[in-house]
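No hydrogens, no waters, no symmetry mates; every other heavy atom, side chains included, goes into these values. Along the sequence shown, residues are numbered consecutively beginning with 1. Please read all numbers here as calculations on a predicted model, not as lab measurements.
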Amino acid sequence: MKNRSYMITSCRDLACYVAVCLLLIQGCAKYKEFEAVFPPENNSLAKYQKIVIINKNRGEHLYDLMENALKSQLTSIHPGNVKPGKKDGEIGNEIKMFNYNPKIDAIPEQKIAYLSFDLKADEVINRQKKSNRVSLKSCDYLKKKDKCRTTGSASIASGLQTLKVILTGHIYLKNSSENAIIAATPIQRTLSDSGKVIKTPANLIFNGLNQVAYEYAKKIIPHKRRISSEILKGGDSISVKLIENGALNLAINRLDKITSKSDNPDYEDLYNLGLSYEALNEFQPALEHYHKANDLKPQNDAIKTALRRVQHIIQN
């Protein structure tokens with residue numbers, strides 16, 4: 001604190017004073033951590049509506065583990081899938097007690113992508129044994145000196161185990177005409193564990209397949225990554241506290257009323273409203289409010305970053 005006071009009092013012009021003030025304020029920024037959605041690394045799947053996973057060796061434990069890992073990762077997120085609520089009358093017309101016939105939309109064959117894979121797991125286990133010669137002692141701690149005396153020696157056996165699992169194979173993504181949507185993705189992953197007690201091969205294989213499935217899902221569909229996005233101060237302080245504490249729906253309700261009633265809303269409130277929607281994976285309203293905030297403050301880095309992020313999600 002003494003150093004900061006010295007820096008301010010030693011400034012001789014306004015520019016120096018402003019620069020130091022900005023340095024002091026920078027540490028006070030508040031952030032909201034949440035799982036943001038990012039676009040896929042490859043956008044070739046965008047024109048397809050459904051992925052069908054083909055497990056050609058169903059019943060084999062390794063293949064079934066891979067199928068489940070892919071299903072888990074490919075269905076872990078549904079970006080932008082926020083449907084408007086329906087009125088009571090519409091629900092009543094669609095649902096008849098004991099006579100409900102759900103409508104199933106048919107997907108054209110050319111809109112279906114087919115995912116298949118081949119897979120192999122090799123296991124290598126090494127066990128190293130060794131023995132150490134140690135001295136055996138007898139001690140009498142009631143004595144003031146020479147408490148311990150050597151009574152003999154013995155051999156102590158010990159060992160180290162090393163397990164290595166090597167996963168190899170390919171993942172294929174094709175259309176109904178058997179043409180590749182993206183090039184075949186090779187699987188090449190080595191997992192290992194060592195110590196006196198080690199994991200089982202099945203445990204390593206399970207972890208490895210989930211890693212492979214996660215990395216593949218990132219290539220073809222939008223995926224979540226944990227980020228820390230700045231909460232802008234300067235607008236409604238109560239909303240900022242609500243966002244900080246994870247009360248996102250309450251923050252949305254409050255900010256929606258504040259911004260809709262004002263002819264000249266604060267850009268901070270519009271941005272924070274967009275941030276709250278994005279943290280709940282409601283990307284269309286998030287984009288709308290980020291746009292409004294950007295119109296008022298186009299040079300703000302936090303707004304520009306958030307706007308680009310959500311635009312990529314919706315476009316992909």
Search all heavy atoms of K199 against all heavy atoms of L163 and return the closest pair with its distance. O-CD2, 3.3 Å
Same cluster or not: L242 versus L273, using hydrophobic residues (I, L, V, M, F, W, Y) connected whenever any side-chain heavy atoms lie under 4.5 Å apart? no
Do side-chain atoms of D64 reach the backbone of R58 as a donor and acceptor pair under 3.5 angstrom? no
Give a yes or no on this: more than 12 heavy atoms of other residues, nucleotides or ligands lie within 6.0 Å of atom CZ of R149. no
Looking at H61, I'd like to know if its NE2 atom is crowded, meaning that more than 12 non-hydrogen atoms belonging to other residues, nucleotides or ligands lie closer than 6.0 Å. no
For L270 and P265 the tightest heavy-atom approach is CD1-CG, 4.0 Å
Should we say atom OH of Y214 is surrounded by more than 12 heavy atoms from elsewhere, each under 6.0 Å from it? yes
Assess the residue pair K219 and E215 against the criterion (salt bridge (Lys or Arg N to Asp or Glu O under 4.0 Å)); give the C-alpha distance rounded to whole Å, side-chain angles, the decisive distance to 0.1 Å, and a yes or no. CA-CA 7 Å; K219 289 171 66 75; E215 290 175 5; over 6 Å; no
Spell out, as yes or no, whether a donor-acceptor pair under 3.5 Å connects the side chain of N43 to the backbone of A46. no
Show your working on side-chain contact (heavy atoms from CB on, under 4.5 Å) between I187 and M66 and close with a plain yes or no. CA-CA 12 Å; I187 299 171; M66 184 61 171; 4.0 Å; yes
To the nearest 0.5 Å, how far apart are NZ in K120 and CG in D118? 11.0 Å
Nearest heavy-atom pair of D269 and G235: which atoms, and what distance? OD1-CA, 3.4 Å
With clusters defined by side-chain heavy atoms of hydrophobic residues (ILVMFWY) lying less than 4.5 Å apart, directly or transitively, does I166 cluster with F206? no
Nearest heavy-atom approach of Y267 to L296 is CB-CB, 3.8 Å
Could you tell me whether the side chains of Y290 and E278 share a donor-acceptor contact shorter than 3.5 Å? yes
Quick test of your reading of the model: are K292 and D295 salt-bridged, counting only N-O distances below 4.0 Å? no
In Å and rounded to the nearest 0.5 Å, what is the CD to NZ distance from E109 to K50? 10.0 Å
Any side-chain heavy-atom pair of L74 and L115 under 4.5 Å: yes
Considering all heavy atoms of both residues, which atom of L248 and which atom of A279 are nearest to each other, and what is their separation? CD1-CB, 3.6 Å
Common cluster, L204/L119, ILVMFWY with side-chain heavy-atom separation under 4.5 Å: yes
Would a distance-only check, ignoring hydrogens and angles, find a side-chain to backbone donor-acceptor pair under 3.5 Å from N175 to S177? yes
Is I258 linked to I243 within one hydrophobic cluster, defined over Ile, Leu, Val, Met, Phe, Trp and Tyr using a side-chain heavy-atom separation of less than 4.5 Å? no
Any chance you could lay out the side-chain contact (heavy atoms from CB on, under 4.5 Å) test for Y277 and L275, step after step, and finish with the verdict? CA-CA 5 Å; Y277 274 119; L275 179 65; over 6 Å; no
Between N300 and A302, is there a donor-acceptor pair closer than 3.5 Å when you use the side chain of the first and the backbone of the second? yes
Are the side chain of N272 and the backbone of L232 linked by a donor-acceptor contact shorter than 3.5 Å? yes
Checking side-chain contact (heavy atoms from CB on, under 4.5 Å) for the pair T168/Q188: CA distance, chi angles, key distance, verdict? CA-CA 5 Å; T168 55; Q188 183 68 51; 3.4 Å; yes
Heavy atoms only: give me the nearest G208-L191 pair and the separation to one decimal. CA-CD2, 3.6 Å
Flag yes if more than 12 heavy atoms outside K164 fall under 6.0 Å of its NZ atom; otherwise flag no. no
Got a second to check how far N57's CG is from E67's CD, nearest 0.5 Å? 11.0 Å
Side-chain H-bond candidate by donor/acceptor type, N203 with N207, under 3.5 Å: yes
Given 3.5 Å as the limit, does a donor-acceptor pair link the side chain of T151 with the main chain of L136, or not? yes
Rounded to the nearest 0.5 Å, what separates atom NZ in K147 from atom OH in Y141? 8.0 Å
Between I181 and I220, does a side-chain contact (heavy atoms from CB on, under 4.5 Å) hold up when you go through it step by step? CA-CA 10 Å; I181 298 172; I220 63 173; over 6 Å; no
Between atom CG of L307 and atom OH of Y271, what is the distance when rounded to the nearest 0.5 Å? 11.0 Å
Is there a side-chain contact between L167 and V165, using heavy atoms and a 4.5 Å cut-off? yes
Do you see a donor-acceptor pair shorter than 3.5 Å between the side chains of S44 and N42? yes
Same hydrophobic cluster for I54 and I112, using side-chain heavy-atom links shorter than 4.5 Å among ILVMFWY? yes
Can you measure from CG (L280) to CG (N249) and round to the nearest 0.5 angstrom? 5.5 Å
Does the gap between the ring centers of Y172 and F117 come in under 6.0 Å? no
